[in-house]
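See structure below.
Just so it is clear: chains get the letters A, B, ... in the order the sequence lines come, proteins before strands, and each one is counted from 1.
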Number of protein chains: 2
Amino acid sequence: MFELRLVQGSLLKKVLESIKDLVNDANFDCSSTGFSLQAMDSSHVALVALLLRSEGFEHYRCDRNLTMGMNLANMAKMLKCAGNDDIITIKADDGTDTVTFMFESPSQDKISDFEMKLMDIDSEHLGIPEAEYEAIIRMPSAEFARICRDLSSIGDTVVISVTKEGVRFSARGDIGAANIVCRQNATVDKPEDATIIEMQEPVTLTFALRYMNSFTKATPLAEQVTISMSSDLPVVVEYKVAGMGYIRYYLAPKIEEEEEEVAAHAQTKPRAETKLKVETKPKVEPELMEVAEDEKESKPPAESKPKEEPQLLECHKLDEESKPLVDGKPKVENKLGASTNGEIEIMDIEQ
Amino acid sequence: MFELRLVQGSLLKKVLESIKDLVNDANFDCSSTGFSLQAMDSSHVALVALLLRSEGFEHYRCDRNLTMGMNLANMAKMLKCAGNDDIITIKADDGTDTVTFMFESPSQDKISDFEMKLMDIDSEHLGIPEAEYEAIIRMPSAEFARICRDLSSIGDTVVISVTKEGVRFSARGDIGAANIVCRQNATVDKPEDATIIEMQEPVTLTFALRYMNSFTKATPLAEQVTISMSSDLPVVVEYKVAGMGYIRYYLAPKIEEEEEEVAAHAQTKPRAETKLKVETKPKVEPELMEVAEDEKESKPPAESKPKEEPQLLECHKLDEESKPLVDGKPKVENKLGASTNGEIEIMDIEQ
DNA sequence: CATCGAATGG
DNA sequence: CCATTCGATG
């Protein structure tokens, strides 16, 4: 039996709004650790990783690991029926192929339950590599969203360049070219307005704005966004889910051409789409999740540190032999970087 | 070299929103006097005249008169990328065919620049006639917009009748007829709510609501609108741009038929479109611009008074022999009425 | 269905 | 002044 209860139901609503445009169907992995999802977008260019840790819920019970395949659009539809102040309970009994969403109004005067059929989804189980990122930008999520939206009206592609002075977002297209430069401004006493750049090495990468704009659907979840970049690695765009975990989006960079070429190119023919290639992991290697320390201190993937003895959890499917938990709150190390299967590879398609 | 800097960038954004629906491509005329534009709408029925005087900018530099052909939709797109509080700088270097829009966020933490290609536009250089208007209505712009919108749901055409008692806007169509009468109410202590009618002669004119509704896109620019009318002359709908100048829209009246005929007509066949015919002035007669006194006192074209020796400025193209300026702030009289070229003529098409 | 613009609330 | 939401449009 699986049951979770979330008093701040609006969080779950926002989470679904943040991923439903990118992914049609996906498996939610339920374990004693938490409620999580990893999925590629339908065109296999981007990847979403969601983690909602069990500690973030007011009630959380997961007798056995379990995978629930859901149509995210339908799930979002149902969650839209919850008031923003409603308490949401998700329940799945063993041996049924349905999940139930329960919504309690704050006053307890209205109680709804919505039952949804589960789906059997070919689980491409994804290994997400950890990396040391050369540059990590932390900035107001609304500002990032605005920049991506603005640049979309100029071109399809954004070039993000990080230097010590700041970060530059550039686009060009038929009607002209644009550059937006954000200076570091950590000195603000309002931390939510800060723009902070941690840079080991200058990095310049190119991305499809279409996906960036999908990512920014998560803006309502967090006032700040973290953008982690390394040469030739997928960018990680992370939004924290307050007190519970995160949504991370991964997007492979477009293969860089020479600057001049890029410019000329943009005006003559569309650029080839670079795909984020993730090896599908056929239920062999257990899927891993990170349990980070308190939100305020947790760092982007690059900086997560091993804390305790790794606890492997098979989240992909029910596993009768799943390993014992550590006093009910298993500490699971992020083993992503160490994984030999399921690496993300950059593959240049069509060129 | 040409450069202007406007601290209240939202003004420029609004200006473009006010004209981009009416005009596709247009030449901006840059001179030491200011930044201006005259253009007919794409169907040659209406005319827009924009003037932003150099004194209205925080910085204004125009070494030589210069014409910049722009696609207004693209320009509007770029300006949309400026925040409402941003400072906007427009720059054009000599010998380039591009213009650069720079946006500085109030905190200076974000600086954007957008480069746009200029176009070579057949400049129909328009002479705009001045006239003594028989009736001038001054009223809240929002109220005027509301009236035009409301009447659009009844008919395609508005009849505006000015009498001493007030102004009547009428429309009729398949579903019925509507009359909206606004009384003069100058007594209000809130001047922005006042409706003032200056009338020498009762006037009744008929206009296509479609264009009126385009004009009201300028409503956000000014709390008051001025509507100047004379028999058989184009109406002038003017919105002041605070501290800088104006946008004026000109629209030729439809040829009046007898009231009954009009009613019957409207229900049987579409009315012929009356076109605003403007003689294209092939760079012969210098284009003139009005430099009005302080905004609060400046009057619509009909009432502008000669103040000093007229100063002619060739704004259409670089003119090495342009006349000297009066102590750097040229006072230019509106010579529109005196112009012998480029008159607006009413021409009844197709009937 | 999706995207864009307008109106309203924080 | 910015953000969200709703309505309208292609």
Separation of dT5(D) P from Lys13(A) NZ (nearest whole Å): 9 Å
Close residues, residues 77-85 of chain B, relative to DNA chain D [heavy-atom separation under 4.0 Å]: Asn84(B), Asp85(B)
Residues in salt bridge (charged side-chain N to carboxylate O under 4.0 Å, His left out) contact with Asp150(B), at least two apart in sequence or another chain: Arg146(B)
Spacing of Arg149(B) atom CZ relative to dA6(C) atom C1', expressed in whole Å: 10 Å
d(NZ, Lys217(A); C1', dA2(C)) in whole Å: 10 Å
Nearest-angstrom distance from the residue atom NZ of Lys110(B) to C1' of dC2(D): 12 Å
Rounded interatomic separation in angstrom, taking CG from Asp193(A) and P from dA3(D): 11 Å
d(CD, Glu17(A); P, dC6(D)) in whole Å: 11 Å
Test item: Arg183(A) and Asn185(A) side chains (from C-beta on) under 4.5 Å apart, heavy atoms: no
Student check: side-chain heavy atoms of Pro220(A) and Glu17(A) closer than 4.5 Å: no
Nearest-Å distance for atom pair CG/P, residues Leu22(A) and dA2(C): 14 Å
Arg248(B) bridged to Glu238(B) by N-O distance under 4.0 Å: yes
Side-chain H-bond candidate by donor/acceptor type, Thr216(B) with Tyr239(B), under 3.5 Å: no
Phe114(B) CZ to Thr100(B) OG1 distance, which is reported to the nearest 0.5 Å: 11.5 Å
Between C1' of dA6(C) and NZ of Lys14(B), the distance in whole Å: 15 Å
